[in-house]
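Okay, structure first, notes after.
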Amino acid sequence: MTASTATPGVILPATPSVLVQLGILLGRLLRQLVVAPTTYINLMVSLFFLAVYTGAFGASVGFEMIIGADFLTFILPVSIVNASLAGAIAGQLLVDDLESGYLRRLQAMPISRIVIVLAPILVGALLVLTQAGLVVVLGVVLGVDAATGLAGLGLVLLLSLMWGMAFAGYAVATGLMAGNAAAAQAATIIFFPLVFLAPTFMPRDQLQGWLQVAAALNPTTYVLETMRGLLITGWDASQVASGFAIIGALCLGATLWAARVAKRTTSRR
Amino acid sequence: MHAEAAPGIVVDGLVKRYRPDAPPAVDGLSFQVRPGEVYGLLGPNGSGKSTTIGVLATLLLPNAGSVRVAGFDVVAQANEVRRRIGVALQETGVDKLATGHSLIARHARLLGMGSRDAEARATQLLAEFELSDAAQKRLRTYSGGMRRRLDLAIALVGRPSVVYLDEPTTGLDPISRQAMWTRVRRLREEGVTVLLTTQYLEEADALADRIGIVATGRLRVEGTADELKRLVGGDVLTVEVDPADGDRAAERAGGTHEGKGKVTLDVKDGGASVPRVLGALSADGIDARSVSLNRPTLDDVFHHVVGGHLIEDQGPAEVAA
């Protein structure tokens with residue numbers, strides 16, 4: 001029979017670097033997504049929203065006069081923000097591992113605890129980025145002409161990645177705190193006030209007073225306005241800087257929150 | 001100190017509480033498992049077995065006491081411990097969308113093997129556990145028995161020197177259980193230290209070199225299966241004679257006539273007692289129609305210990321093998 005196990009004095013292989021561990025766990029989660037039919041349905045959701053919004057409002061010249069831009073270009077960031085819902089998969093993946101007991105298996109291995117939680121967050125963000133990429137490609141095909149060109153489109157995608165990481169971090173934190181898949185799914189309900197208490201269908205100055213206040217406090221506003229600035233207005237360094245600063249802080253905060261909750265969940269007690 | 005030269009597992013005064021105001025799940029537990037030994041940890045539900053395994057697998061922190069595995073402290077040197085252990089816990093899961101091959105290969109890579117070595121290791125383990133035919137099938141299609149075999153295969157990926165098996169045959173049919181027993185015996189042949197918990201006392205009897213019985217978080221008795229059986233008394237010798245000779249036979253042999261010629265005797269060593277008793281009866285002209293010898297089972301030991309008899313009468317770990 002072949003020897004399965006260590007004999008006394010056996011030389012153990014070196015533990016792989018954190019990056020290699022991250023790559024292995026990322027590969028596992030990506031493979032899970034590739035074989036799950038819901039992934040492809042989710043990918044279509046933002047495209048569907050883009051088509052519906054454009055079909056409903058795109059033909060109205062009066063509407064375009066109010067918003068001061070081509071409707072498709074104006075609404076494109078909304079579809080990208082819709083894509084952030086896909087980031088919730090991060091929480092779902094981690095809670096699935098928690099419920100199935102696979103997380104315990106990983107915890108008994110000599111691997112980084114941070115990697116265990118970072119992998120689903122990155123997968124969530126990558127899914128958001130992929131979905132945002134598809135939306136941008138469809139927008140360009142349908143006639144969106146970004147005022148800042150390819151570089152601006154690149155920044156739009158970068159912003160969507162950061163927004164996706166923030167949402168994924170939130171999903172991981174709430175999912176682990178709740179401890180079950182249903183509660184993790186329910187926590188994504190926050191998405192709706194985030195989208196509708198924002199200048200989603202009108203510029204902020206066209207909103208009513210109370211909604212303007214709510215929009216000013218809502219980080220989604222800064223994602224939409226920064227993306228619209230890049231797509232419609234052109235280069236505005238201060239707007240881009242402030243948009244990235246706000247979303248960057250949100251991304252960092254959500255990731256640290258997720259890491260803190262994950263550390264508490266996965267650490268020995 | 002060279003890790004593999006150290007005792008397999010040394011647990012000394014382990015205390016584990018889940019909440020400060022709760023009674024301890026493990027309360028001053030001490031035992032040692034020698035390198036290459038299969039040690040069976042038995043106890044009723046809630047006795048602290050799984051908590052103990054949780055601490056040994058570096059999943060839980062002890063409140064007091066010390067635990068060393070393969071020479072490393074589970075608190076201060078947790079990663080060194082993790083590199084040397086293989087864990088097949090009851091509640092550990094797998095991702096059901098993975099295949100058996102990809103799951104094992106991934107674990108091998110996480111333990112530091114290169115891609116080629118990891119693939120080879122997965123192929124080898126799947127063959128060893130008779131899962132080659134299912135290597136490329138998704139785990140959601142695996143039966144319970146296949147899953148348990150896969151669990152053990154995963155536990156062995158890193159060629160561990162210490163393996164924890166938490167009720168490895170629960171829910172398996174008798175054939176799968178026998179196959180799992182064979183695997184565990186092979187581990188012993190390979191010099192692996194095995195800590196086994198089980199609900200099946202005959203499993204501990206068949207596999208474990210030594211057995212510790214825990215109750216309410218403390219070790220109550222410890223020893224080989226034979227030593228433990230001797231704790232609950234000797235063997236029971238039953239001799240059947242002509243009913244007319246029953247009372248005389250009981251008097252002669254020093255036993256009890258149960259009626260219809262059936263005479264029973266409590267004897268210390270059944271094997272040695274049989275010729276002595278038969279000789280005594282024969283000398284008195286009494287013929288034995290049949291003789292049977294019943295030895296205490298581990299079941300009897302377990303019931304005595306967990307039932308409180310030995311706990312109160314004899315204290316913990318009085319059989320130090």
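Because the structure is predicted, anything quoted here is derived from the model rather than measured.
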Q) Quick one: CD1 on A/I111 to OG1 on A/T15, what's the gap to the nearest 0.5 Å? A) 10.0 Å

Q.
Sub-4.5 Å heavy-atom contacts with chain B: which residues of residues 16-40 of chain A show up?
A. A/P16, A/Q21, A/I24, A/L25, A/R28, A/Q32, A/V35

Q) Does the distance from a Lys or Arg side-chain N to an Asp or Glu carboxylate O, for B/R116 and B/E119, drop under 4.0 Å? A) no

Q: Count the heavy-atom pairs under 4.5 Å between each of B/I154, B/I85, B/V81, B/V162 and chain A, then report the option with the highest count.
A: B/I154

**Q.** salt_bridge(B/R34, B/D209) N-O dist < 4.0 Å
**A.** no

Q.
Given heavy-atom pairs under 4.5 angstrom as the criterion, report whether the side chain, backbone, both or neither of A/A108 touches chain B.
A. both

(Q) At a 4.5 Å cut-off on heavy atoms, which part of A/L106 comes close to chain B: side chain, backbone, both, or neither? (A) side chain

Q.
Between A/T220 and A/W163, is there a side-chain heavy-atom distance shorter than 4.5 Å?
A. yes

Q | Carboxylate-amine/guanidinium contact B/E190 B/R159, below 4.0 Å | A | no

Q | NZ/NE/NH1/NH2 to OD/OE distance under 4.0 Å, B/R185 and B/E189 | A | no

Q.
Taking side-chain contact (heavy atoms from CB on, under 4.5 Å) as the criterion, tell me which of B/V33, B/I9, B/V38 meets it with B/V194.
A. B/V38

